[in-house]
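For reference, the structure discussed in these notes is given below.
Note that the coordinates shown come from a computational prediction; the quantities given were computed from them, not determined experimentally.
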Amino acid sequence: MGAIKKMVEQQIPGIYVLSLKIGNTIAEDMENSFFFNVNKQLDIVCEQLAKDPRLQNGYNGMGFSQGGQFLRAVVQKCPSPPMKNLISIGGQHQGVYGFPRCPGESSHICDWIRETLNVGAYTKVVQEHLVQAEYWHDPLNEAHYRNGSIFLADINQERSINESYKRNLQSLEKFVMVKFLKDSMVDPADSEWFGFYKPGQSKVTMTLQESSLYTEDRLGLREMDKAGKLVFLAADGDHLSFTDKWFNENILPFLN
């Protein structure tokens with residue numbers, strides 16, 4: 001994140017960049033990205049943003065990997081100060097159902113790991129203390145996911161409709177989603193464009209536009225799409241692999 005911060009500051013002289021950190025040290029921040037309840041992280045971030053005088057007239061948010069869906073939650077839960085553009089780079093907005101660089105479906109290892117995790121992924125103790133479990137999305141048991149997920153199911157309006165979530169997300173000028181076409185860490189990679197597996201199986205995916213989230217417009221994404229607020233970008237590489245040139249050409253315009 002330090003390198004990205006420097007690059008943005010070099011390309012846009014005078015810009016103010018706040019790199020969010022959860023913890024007092026880099027090591028603590030890294031540890032918290034695995035073991036600190038996401039909703040509690042959001043409380044800290046929202047407080048940081050609210051207290052920063054340089055952000056009070058609005059700001060652009062940019063999140064990498066799981067930071068993408070976490071910043072979307074900030075938009076939905078903490079409308080003040082207002083976020084103008086949300087840029088999600090490799091974020092998993094419909095969650096994940098696999099481990100990074102899992103050996104592959106043919107070995108059946110992936111399915112075994114998924115089934116093993118799913119036995120405990122939605123228990124209270126795991127949800128409270130394992131970040132990745134909070135956006136674990138089991139397409140083989142959607143009801144289990146909807147009822148047990150304390151983070152993703154909430155911000156994706158799976159249990160009930162919070163009109164403020166919808167209204168706050170729709171206040172964005174642009175919601176930019178970057179998908180990595182050769183992503184070997186996010187399963188399924190379509191989650192980076194708000195797609196996911198069709199319910200009941202883990203082989204065939206559907207797009208955002210084919211999902212009930214879109215057709216029922218529970219988050220206002222259909223309305224945003226028709227208004228030209230959703231931007232789908234592709235990067236021809238593995239997870240978070242991009243060149244400075246690609247970043248400058250595709251991302252910087254949304255920061256100016």
Side-chain angles (χ1 to χ4, degrees), residues 1-93 95-96 128-135 150-152 154-156 164-165 168-169 171-178 180 185-186 191-192 231 233 239-240 242 244 247-248 250-252 254-256:
M1 293 303 96
I4 294 292
K5 182 176 185 292
K6 290 179 181 178
M7 182 164 64
V8 171
E9 289 171 339
Q10 289 172 354
Q11 293 295 321
I12 309 177
I15 193 173
Y16 172 62
V17 181
L18 172 65
S19 184
L20 295 168
K21 185 170 67 174
I22 309 296
N24 297 317
T25 65
I26 293 177
E28 190 176 335
D29 181 58
M30 178 67 74
E31 181 179 328
N32 286 336
S33 72
F34 288 96
F35 304 115
F36 188 33
N37 184 297
V38 176
N39 291 313
K40 293 179 180 177
Q41 291 191 49
L42 292 175
D43 290 340
I44 293 171
V45 168
C46 290
E47 185 177 359
Q48 288 181 20
L49 298 175
K51 288 182 176 180
D52 194 322
R54 302 186 68 173
L55 302 178
Q56 298 314 300
N57 292 326
Y59 65 98
N60 297 311
M62 180 165 55
F64 293 81
S65 196
Q66 64 183 20
Q69 61 262 36
F70 296 170
L71 273 186
R72 173 165 66 85
V74 169
V75 178
Q76 295 175 210
K77 291 175 174 248
C78 310
S80 181
M83 190 184 298
K84 297 177 180 178
N85 294 322
L86 169 59
I87 304 164
S88 168
I89 301 180
Q92 304 100 44
H93 293 280
V96 298
E128 290 285 349
H129 299 289
L130 182 61
V131 167
Q132 286 67 37
E134 294 181 53
Y135 56 87
I150 66 172
F151 170 70
L152 189 67
D154 173 52
I155 66 166
N156 281 3
S164 67
Y165 283 6
N168 293 340
L169 189 63
S171 70
L172 288 170
E173 295 174 12
K174 296 290 183 182
F175 178 7
V176 182
M177 289 170 271
V178 177
F180 292 90
M185 292 190 69
V186 175
S191 185
E192 297 170 351
V231 180
L233 299 179
H239 194 60
L240 301 186
F242 53 85
D244 290 359
F247 183 88
N248 292 340
N250 292 279
I251 302 301
L252 283 185
F254 296 102
L255 300 178
N256 279 305

| task | Indicate the atoms forming the closest heavy-atom contact of I150 with N39, along with that distance. | result | O-ND2, 3.1 Å
| query | In Å and rounded to the nearest 0.5 Å, what is the SG to CG distance from C78 to D43? | reply | 7.5 Å
| Identified ring pair (Phe, Tyr, Trp, His ring centres under 6.0 Å) partner of H93 from the options F151, F70, F175, Y135 | F175
| query | So which heavy atom on Q56 is nearest to which on P81, and how close? | reply | CA-CB, 3.9 Å
| query | Is the shortest heavy-atom distance from the side chain of I15 to the side chain of E9 under 4.5 Å? | reply | yes
| field | Rounded distance (nearest 0.5 Å) linking atom CD of E134 with atom NE2 of H129 | value | 10.0 Å
| said: Measuring from atom CG of L86 to atom CZ of R72, what distance do you get when rounded to the nearest 0.5 angstrom? | reply: 8.5 Å
| said: Please check: side-chain N/O of Q92 versus main-chain N/O of G90, any donor-acceptor pairing under 3.5 Å? | reply: yes
| field | Any donor-acceptor N/O pair, Q11 side chain to K6 backbone, under 3.5 Å | value | no
| message | Could you walk me through whether Q66 and V38 satisfy the side chain to side chain contact (heavy atoms under 4.5 Å, CB included) test, starting with their C-alpha distance in whole Å, then the side-chain angles of each, then the deciding distance to 0.1 Å, before giving a yes or no? | response | CA-CA 10 Å; Q66 64 183 20; V38 176; over 6 Å; no
| field | M177 backbone acceptor or donor facing S88 side chain under 3.5 Å | value | no
| request: Look at the side chain of N60 and the backbone N and O of N85, then say whether any donor-acceptor pair between them is shorter than 3.5 Å. | output: yes
| query | Do you know which two heavy atoms are closest between N24 and E28, and how far apart they sit? | reply | N-OE1, 3.4 Å
| Atom pair CE/CZ of M7 and F247 - distance to nearest 0.5 Å | 4.5 Å
| request: Please test V178 against I251 for side chain to side chain contact (heavy atoms under 4.5 Å, CB included), starting from the C-alpha separation and ending with a verdict. | output: CA-CA 9 Å; V178 177; I251 302 301; 4.0 Å; yes
| request: Would you check, one step at a time, whether the test side chain to side chain contact (heavy atoms under 4.5 Å, CB included) holds for L240 with S65? | output: CA-CA 7 Å; L240 301 186; S65 196; 4.1 Å; yes
| request: Applying side chain to side chain contact (heavy atoms under 4.5 Å, CB included), run through K84 and Y59 and close with a yes or a no. | output: CA-CA 6 Å; K84 297 177 180 178; Y59 65 98; over 6 Å; no
| Is there side-chain contact between M185 and V96, with at least one heavy-atom pair below 4.5 Å? | no
| query | To the nearest 0.5 Å, what is the distance between CG (L42) and CG (L71)? | reply | 9.0 Å
| Given side chains that start at C-beta, do those of H239 and E192 come closer than 4.5 Å, heavy atoms only? | yes
| message | Using side-chain heavy atoms (C-beta onward) and a distance below 4.5 Å, is K174 in contact with I87? | response | no
| message | Tell me whether N256 at atom CG has more than 12 heavy atoms from other residues, nucleotides or ligands lying less than 6.0 Å away. | response | yes
| request: Taking the side chain as every heavy atom from C-beta outward, state whether D154 and Y165 have any atom pair closer than 4.5 Å. | output: yes
| note | For G95 and S191, the nearest pair of non-hydrogen atoms, with its separation, is O-OG, 2.8 Å
| request: Verify, without hydrogens or angle tests, whether N250 (side chain) and L233 (backbone) share a donor-acceptor contact under 3.5 angstrom. | output: no
| query | Is there side-chain contact between L49 and L18, with heavy atoms separated by less than 4.5 Å? | reply | yes
| message | When you compare the side chains of Q76 and N168, does any donor N or O come within less than 3.5 Å of an acceptor on the partner? | response | no
